[in-house]
Amino acid sequence: MTSTGSVMVLLKEGLCPGLSEDLIKALREEDVRTVEDLVLSDPEQLAQKCSVSYKALVAVRRVLLAQHAAFPVSGADLYDELLSSTSILSTGIASMDNLLDSGLYTGEITELCGGPGTGKTQTCFSVAVNVAHELKQKVMYIDTNGGLSAARLLQMLQQKTINTAEQMNALQRISVLRVFDVFALLSCLQRLRAGGLQKGDVGGSVKAVIVDSVSAVLSHMLGGKQNEGMSLMMQVATELKVIAKDFNVAVLVTNHVTRDGNNQVKAGLGQSWSHVPRTRILLQRAERPGASSNLRTAALVKSTRQPCYTMEEFDLSPPSRGEARPGSAGKRKLDVDS
Ligand SMILES: Nc1ncnc2c1ncn2[C@@H]1O[C@H](COP(=O)(O)OP(=O)(O)OP(=O)(O)O)[C@@H](O)[C@H]1O
Ligand SMILES: [Mg+2]
């Protein structure tokens, strides 16, 4: 169902007359979730399988076809229309997309948690690069631990295209904000909510907001006797939720991990934060013998769409496709004299 770079319009009530909650439910049971799925399906068979009226289904299909497929996909108006509804942004990592039921959903917060070096930041880079290059959409990347590497972003882009203008255009679409404490993060999120996401800051609307990491600025504020840390954490949560919903963007955050009483790895920031992300993925090193040091496992530990505790493997540094020269992107050796 997914292909890297696709933006899909989910079937939802109000999208067109006749597309009722019941019809959507019945279609979903037959795995028809997007306009694309519906348009590509055989209405007669589908009406039978879903036990819905053939006439009603054909009417809905006709309107959706007129709305979504009558113009070239490259038409700016159609694209705007597509993007104004819920879309799914591919992460650029096939196995991650499988866990996420196709990718990151706009309007929602998704969390990647894991220990040091498990690939949270690399995955954020992949998302940023994919949204900026494949989807040609803007990304707001909030870096709270100094982990952002422009050289690595370029390296990933070089693996997607050898066209340097395209690489630069994609980099232009990724806006980076560096904040190193929770107060700066809050004021930055408030500014984005007050309109910075639509205009000003990035010169166009943003489809993905990445915060790598939320725990870096929050975890040390928690605990102790004061509740200030908890209150700040919930303020960050509210800002992120409002940004996701009001601007219809996909929010991706990263979080550290701790261990519970049974020495099992669990996401950091505690119980209250655990309700904030709609979807949570736990990253770990793949520990089996002979596994490459770049191999990671991703487990779905919270989801409203897919069965939890499904697991996928992925490589943090897959072989390059283009003429990229891994390791050299943007790097410059410092001369002793300079
Ligand atoms: N080209 C590359 N550039 C950088 N790191 C790479 C590359 N290829 C693979 N890696 C691996 O990615 C890992 C780093 O992952 P990443 O920085 O995403 O971890 P993290 O989960 O964000 O950790 P932290 O919690 O410390 O921020 C390293 O083990 C590194 O070996
Ligand atoms: Mg990191």
Side-chain angles (χ1 to χ4, degrees), residues 4 89-93 96 104 110-181 184-185 188 192 201-202 206-217 219 250-257 281 283-285 292-296 298 314-335 338:
T4 303
L89 316 179
S90 166
T91 60
I93 302 170
M96 198 71 81
L104 302 174
T110 305
E111 181 182 282
L112 297 170
C113 60
T118 50
K120 301 180 294 295
T121 299
Q122 297 295 315
T123 306
C124 289
F125 290 169
S126 174
V127 169
V129 160
N130 211 57
V131 173
H133 174 68
E134 306 282 355
L135 305 180
K136 308 273 180 285
Q137 296 300 310
K138 296 206 165 75
V139 178
M140 177 63 70
Y141 197 113
I142 305 175
D143 176 17
T144 72
N145 58 14
L148 184 115
S149 156
R152 178 65 174 141
L153 286 177
L154 179 60
Q155 194 182 72
M156 285 182 164
L157 280 163
Q158 287 171 336
Q159 288 168 353
K160 288 184 177 285
T161 172
I162 54 166
N163 181 326
T164 50
E166 277 185 20
Q167 292 165 4
M168 288 308 131
N169 286 341
L171 281 181
Q172 291 281 359
R173 291 188 197 102
I174 304 174
S175 298
V176 178
L177 285 165
R178 288 197 160 100
V179 297
F180 295 111
D181 65 64
L185 174 64
C188 150
L192 294 178
D201 289 14
V202 286
V206 165
K207 265 292 140 204
V209 171
I210 298 171
V211 186
D212 182 24
S213 80
V214 277
S215 53
V217 290
S219 58
V251 173
L252 177 65
V253 299
T254 64
N255 188 0
H256 72 305
V257 287
I281 282 184
L283 299 179
Q284 285 179 297
R285 288 170 199 275
S292 128
S293 64
N294 281 329
L295 200 66
R296 299 290 184 270
F314 69 103
D315 197 318
L316 282 180
S317 201
S320 58
R321 278 187 275 153
E323 287 177 16
R325 287 178 296 122
S328 64
K331 285 187 191 145
R332 181 169 58 96
K333 208 171 156 195
L334 265 189
D335 262 328
S338 61

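The analysis underlying the following values was restricted to heavy atoms, covering all of them including side chains, and did not include hydrogens, waters or symmetry mates. For clarity, every value in this text was computed on a predicted model and none was experimentally measured.
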Just verifying a value: how many Å separate N163 CG and Q158 CD, rounded to the nearest 0.5 Å? 11.5 Å
How close do S213 and A216 get, heavy atom to heavy atom, and via which atoms? OG-N, 2.9 Å
Taking all non-hydrogen atoms of both residues into account, name the closest pair between L252 and C124 and its distance. CD2-SG, 4.0 Å
Interatomic distance, D212 atom CG to L148 atom CG [nearest 0.5 angstrom]: 8.5 Å
T164 side, atom OG1; N169 side, atom CG - distance, nearest 0.5 Å: 9.5 Å
Using 0.5 Å steps for rounding, measure from the CG atom of L104 to the NZ atom of K207. 12.0 Å
Set of side-chain hydrogen bond (donor to acceptor under 3.5 Å, both in side chains) partners for Q167, sequence neighbours left out: none
Quick one: closest heavy-atom pair of V139 and A132, and the distance? CG2-N, 4.2 Å
Test side-chain contact (heavy atoms from CB on, under 4.5 Å) on V127 and L89 and set out the steps. CA-CA 8 Å; V127 169; L89 316 179; over 6 Å; no
Residue from L185, I142, N145, V179 passing side-chain contact (heavy atoms from CB on, under 4.5 Å) with V217: L185
Heavy-atom check, side chain of K120 versus side chain of V253, under 4.5 Å: no
Quick one: side-chain hydrogen bond (donor to acceptor under 3.5 Å, both in side chains) partners of Q284, sequence neighbours excluded? none
Could you give me the CA-CA distance, side-chain angles and deciding distance for M96 and L283, then say whether side-chain contact (heavy atoms from CB on, under 4.5 Å) is met? CA-CA 10 Å; M96 198 71 81; L283 299 179; 4.0 Å; yes
Walk me through it: do K160 and N130 pass the test side chain to side chain donor-acceptor pair (under 3.5 Å)? CA-CA 9 Å; K160 288 184 177 285; N130 211 57; 3.0 Å; yes
Return the minimal non-hydrogen interatomic distance between V206 and M140, and the atom names on each side. CG1-N, 3.8 Å
Closest approach of F180 to T144 (non-hydrogen atoms, all atoms of both residues): CD2-O, 3.4 Å
Worked check of side-chain contact (heavy atoms from CB on, under 4.5 Å) between Y141 and L153: CA-CA 12 Å; Y141 197 113; L153 286 177; 5.6 Å; no
For residues R285 and R296, determine if any side-chain heavy atom of one lies less than 4.5 Å from a side-chain heavy atom of the other. yes
What do the steps show when you test H133 against M156 for side-chain contact (heavy atoms from CB on, under 4.5 Å), and what is the final call? CA-CA 10 Å; H133 174 68; M156 285 182 164; over 6 Å; no
Counting C-beta onward and ignoring hydrogens, is there a side-chain heavy-atom pair between L112 and Q122 closer than 4.5 Å? no
If you take all heavy atoms of S219 and H256, which pair is closest and at what distance? CB-CE1, 3.8 Å
Rounded to the nearest 0.5 Å, what separates atom CG in N255 from atom CD1 in I281? 13.5 Å
At what distance, to the nearest 0.5 angstrom, does CG of L316 lie from CZ of F125? 11.5 Å
